[in-house]
Amino acid sequence: MKNFRRELMVFLRTVIGRAYPRLIGLQRERSWLFFEIFLPLLGTAAFVYIYRALGAKPEFTGFVVLGGAMTAYWMNVLWSMATQFYWEKETGNLALYLIAPTSRMAILLGMAFGGMVATTVRALAVLILGSLVFRVTFTVSNWGALLLVFFFTLVALYGLGMIFASAFLLYGREAWHMANLLQEPVFLLSGFYFPIKSLGFWISAGASLIPITLGLDAMRQLLYPQAGWGFLDVGIETTILAVLSVVFLIAAHRMLLWLENVARREGRLTVRGQ
Amino acid sequence: MSQTLAIKTEHLGRIYQIKRKRGESGPATLVALEDVNLEVRQGELFGLLGPNGAGKTTLIKILTTLLTPTSGRAFVDGIDVVENPQEVRRRINMVSGGESCGYGLLTVEENLWMFTQFYGLDFKTARERIQSMLEVVGLADRAKTKAYHLSTGMKQKMNFARGFLNDPQILFLDEPTLGLDVQTSRILRDFVKRWVRERPGKTILLTTHYMAEADELCDRVAIIDQGRILACDTPANLKRRLQGASIFKLQTTPLDTLEHFKQLPGVSQFAGHRRNGHTELNFILEDENALVKVLDAVQAKGGHLLSLEKREPTLEDVFIHLVGRGLSDEENPT
């Protein structure tokens, strides 16, 4: 029991400790406000105008704005958490993290929480400004369900990010290229700017392994119940997201341990410039 | 009852797989450590002395759980580093010289605070230790300075302070004074000495290629070269091995080749290198009479003697005696 309490304290303090540089960085380097708010809005606007030019229903504008908001979380997972171990390795911090008696997941969670503040500001900005500029109205039919879907989407998404992060324990530039490759296909497969149902059942089913796919689809159904573009029932999607959350977190824990051991064996844990 | 050793290695070895060059055959491996047997007692300040590439950092990486050995076993505070790395991590910390740590946007004390959190230190303890270590390394007045405003030396000092924050049972210092100015190096060396003396049971493993540092600080020193431990004893005992030998250091005008000095009669060991427009020759002679032959050889090669010094044996001489070359000879080989 005493050991558990000690472990828990170290875990929590690690999360806070590693979140701190991100949080304090927001205050000290304010240029992010421009890059994180104004620029993403432009990308979202482009898709809104495409739908409008095509004469699509107004719900589609709402789909795009919501997708634009959720993009922020995917970018955060990919670039501020998964690939962060690459930079930590290059600067020598990774070795110091690894010789500390703390959980690697706690460090990643700290990065995630720290980054989530800026990400949430970006997501809210896209959502609010997008709604105002493009006159989007959302009618929340079930706040509880919406929050639950959002919660599971984030847990599963950050679990997936931790799995990617484990690759950087072993690899360097190769894993970086993988992250680069993932960015755009996920934009497509997750249906950031269109309902995933339009990709057909099997592709949508495959894409559902990316938590944001089902998360977005369920949120769109809860915000526009009458639109009729849902892929699966919201209840099923929420259950799948809950399962993915557990599976990804367990997988991340195991992957981090496994790849750390492989990297220790191969002598690649702290090799720079690889 | 016997006391647990702070560090123990049994036939420890590490072989790296390296990429084979095109057209090459045979095993593409690099032996970094071979059959290393070490016993470091609790409370010791133990030095590992060897040139660059000798295997010092590889040994530290294994002991700090960053690397697994390919053969043999290693124990830190009686715990197997492969079997139970997490338990080892609770007892250790490491400082690598020439490295910085943390993030440029954070101040010095914020960076140090972040690292204390990875060891679960509460706010009050963390603050006290940070304060005290900043005073030790002379960064107290820079506590609120962002790390990116610090000079390289100051960043190294911050990293040095970080290593002591969790009050480790066993501390690994890998070339801690590398690149630091003389005064700072002296301050850090004094602190290291004090830290071990004032805290019974605390152990430091220090790697260095500065002989004077090892001589001044260490209770015992192991000399390592090409992955093998060649000798392990107190600095005084190591130097005593050369008692009776005549040790001379000569400076001459630049000489083209130095290889022939090894073959001179009466020369037990020789190491030499070119430096700052002259040539430095270090001889361990069987007796002083051999010096005449050495001076004749210098003259025969067209060199002129600039200075000649007979001196007491140093750890560098012990190294030359054991290995047949000096610690700094890789850059200017004989």
Without swapping roles, check the side chain of A/Asn93 against the backbone of B/Gly102 for a donor-acceptor pair under 3.5 Å.
yes
Shortest non-hydrogen separation from B/Arg90 to A/Pro101 and the atoms involved:
CG-CB, 3.7 Å
State, with a plain yes or no, whether a side-chain heavy atom of B/Tyr103 is found less than 4.5 Å away from one of A/Ile24.
no
Which atoms of B/Glu99 approach chain A - backbone, side chain, both or neither, heavy atom under 4.5 Å
side chain
Hey, which of B/Asp122, B/Ile92, B/Asn166 has the most heavy atom pairs under 4.5 Å with chain A?
B/Asp122
With rounding to the nearest 0.5 Å, note down the distance linking CD1 in A/Ile99 to CE in B/Met94.
4.5 Å
Is the shortest heavy-atom distance from the side chain of A/Arg28 to the side chain of B/Lys146 under 4.5 Å?
yes
Is the shortest heavy-atom distance from the side chain of B/Leu105 to the side chain of A/Pro21 under 4.5 Å?
no
Answer whether the closest heavy-atom distance between the side chains of A/Leu98 and B/Thr65 falls below 4.5 Å.
no
Does atom CZ (B/Phe191) have a neighbourhood of more than 12 heavy atoms from anything else shown, all under 6.0 Å?
yes
Considering all heavy atoms of both residues, which atom of A/Ala100 and which atom of B/Phe118 are nearest to each other, and what is their separation?
CB-CB, 3.9 Å
The reported gap from CD in B/Gln117 to CD1 in A/Ile16 (rounded to nearest 0.5 angstrom) is 7.0 Å
Rounded to the nearest 0.5 Å, what separates atom OG1 in B/Thr68 from atom CG in A/Asn261?
8.0 Å
Is the closest side-chain heavy-atom distance between A/Leu269 and B/Leu67 below 4.5 Å?
no
Taking the side chain as everything from C-beta on, heavy atoms only, tell me whether A/Leu96 gets closer than 4.5 Å to B/Arg162.
yes
Against chain B, residues from residues 106-118 of chain A with at least one heavy atom under 4.5 Å, in numeric order, are none
Residue, of A/Glu260, A/Glu29, A/Arg6, that accumulates the most heavy atom pairs under 4.5 Å with chain B
A/Arg6
Could you tell me which portion of B/Ile62 (side chain, backbone, both or neither) has an atom closer than 4.5 angstrom to a non-hydrogen atom of chain A?
neither
Is B/Phe172 in contact with chain A via its backbone, its side chain, both, or neither, using a 4.5 Å heavy-atom distance?
neither
Check whether A/Glu266 gets within reach of chain B through its side chain, its backbone, both or neither, counting any heavy atom under 4.5 Å.
backbone
Got a sec: does the CD of B/Gln131 have more than 12 other heavy atoms crowding it under 6.0 Å?
no
Between B/Arg91 and chain A, which part of the residue has a heavy atom less than 4.5 Å away: side chain, backbone, both or neither?
neither
Any chance you could measure A/Tyr97, atom OH, to B/Met114, atom CE, to the nearest 0.5 Å?
4.5 Å
Sort out for me which of B/Pro69, B/Ser100, B/Ala32, B/Pro85 touches chain A most, counting heavy-atom pairs under 4.5 Å.
B/Pro85
